[in-house]
Amino acid sequence: MNEDSRWQRYWRYLSARFRRDVADELSFHVEMRARQLEGEGLSTAAAHEEARRRFGDRRMVQAELERIERKRGNRMAASWYIDELAQDIRYGVRG
């Protein structure tokens, strides 16, 4: 297996994990806002509905976070290639 396919497999694993983490984090923030609203006197159902309304479109937020993560991943891949090239050059010079 070449380096590219190993890197891609690793990145797919991280991407799936990232999506789960983002979904969990977004749910956490909505839940915390709902609890805060309950503390301010709203009923449980009304607090959850208001928290979701104030948070906005979760899919849009999640898509934006995934776009940012992909961009970060591309920078990491570029950095990895540059590091590999530098290592090869150092090895060649030593030889």
Side-chain angles (χ1 to χ4, degrees):
M1 181 183 310
N2 67 26
E3 282 297 317
D4 289 340
S5 61
R6 275 190 268 162
W7 173 256
Q8 289 167 353
R9 184 175 65 191
Y10 177 69
W11 187 248
R12 279 193 302 269
Y13 165 75
L14 285 180
S15 295
R17 184 174 166 197
F18 176 78
R19 282 188 211 101
R20 284 191 308 271
D21 289 347
V22 166
D24 291 345
E25 187 74 18
L26 295 177
S27 295
F28 171 78
H29 285 286
V30 170
E31 182 63 30
M32 289 296 102
R33 172 62 77 162
R35 286 184 187 178
Q36 180 184 19
L37 292 170
E38 279 183 62
E40 294 173 4
L42 288 176
S43 70
T44 302
H48 279 85
E49 183 177 324
E50 180 65 15
R52 284 190 296 271
R53 186 190 67 75
R54 287 184 185 185
F55 190 81
D57 186 2
R58 279 178 69 161
R59 288 180 295 197
M60 188 174 73
V61 171
Q62 192 162 359
E64 179 65 14
L65 291 172
E66 287 177 12
R67 184 192 66 75
I68 292 167
E69 182 66 11
R70 271 193 309 276
K71 189 175 179 181
R72 181 178 152 265
N74 290 340
R75 282 193 313 263
M76 285 174 53
S79 174
W80 182 75
Y81 285 124
I82 290 169
D83 288 345
E84 288 290 312
L85 178 62
Q87 185 178 12
D88 290 345
I89 291 170
R90 285 191 301 269
Y91 179 78
V93 168
R94 279 194 313 258

How long is the span from the CG atom in Leu26 to the CG atom in Asp21, to the nearest 0.5 Å?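 Spacing of CG (Leu26) from CG (Asp21) equals 11.0 Å.
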Salt bridge (charged side-chain N to carboxylate O under 4.0 Å, His left out): which pairs involve residues 33-45, sequence neighbours left out?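 Checked against salt bridge (charged side-chain N to carboxylate O under 4.0 Å, His left out) - neighbours excluded - the pairs reaching residues 33-45 are Glu31-Arg35.
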Under the salt bridge (charged side-chain N to carboxylate O under 4.0 Å, His left out) rule, what pairs show up with a residue in residues 85-95, not counting sequence neighbours?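 Listed once each, the pairs would be none.
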Counterpart residues, side-chain contact (heavy atoms from CB on, under 4.5 Å), relative to [X] (two or more places apart):
| X | answer |
| --- | --- |
| Ile89 | Leu85, Val93 |
| Asp57 | Arg59, Met60 |
| Ser27 | Arg58 |

For Glu66, enumerate each residue passing the salt bridge (charged side-chain N to carboxylate O under 4.0 Å, His left out) test, keeping only those at least two apart in sequence or located in another chain.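 Checked Glu66 against salt bridge (charged side-chain N to carboxylate O under 4.0 Å, His left out); matches are Arg19.
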Any link between Val22 and Val30 through a network of hydrophobic side chains (Ile, Leu, Val, Met, Phe, Trp, Tyr) touching at under 4.5 Å?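 Yes, because Val22 and Val30 connect within a single hydrophobic cluster, where side-chain heavy atoms sit under 4.5 Å apart.
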What verdict does the side chain to side chain contact (heavy atoms under 4.5 Å, CB included) test give for Phe28 and Met32, after you've listed the backbone C-alpha separation in whole Å, the side-chain angles of each residue and the deciding distance to 0.1 Å? CA-CA 6 Å; Phe28 171 78; Met32 289 296 102; 3.5 Å; yes
Minimal non-hydrogen separation, Ala34 against Ala51, with atom names: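 Result for this residue pair: N-CB, 3.7 Å.
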Salt-bridge contact Glu49-Arg52 (side-chain N to carboxylate O under 4.0 Å):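 A salt bridge is absent here (no side-chain N lies under 4.0 Å from a carboxylate O).
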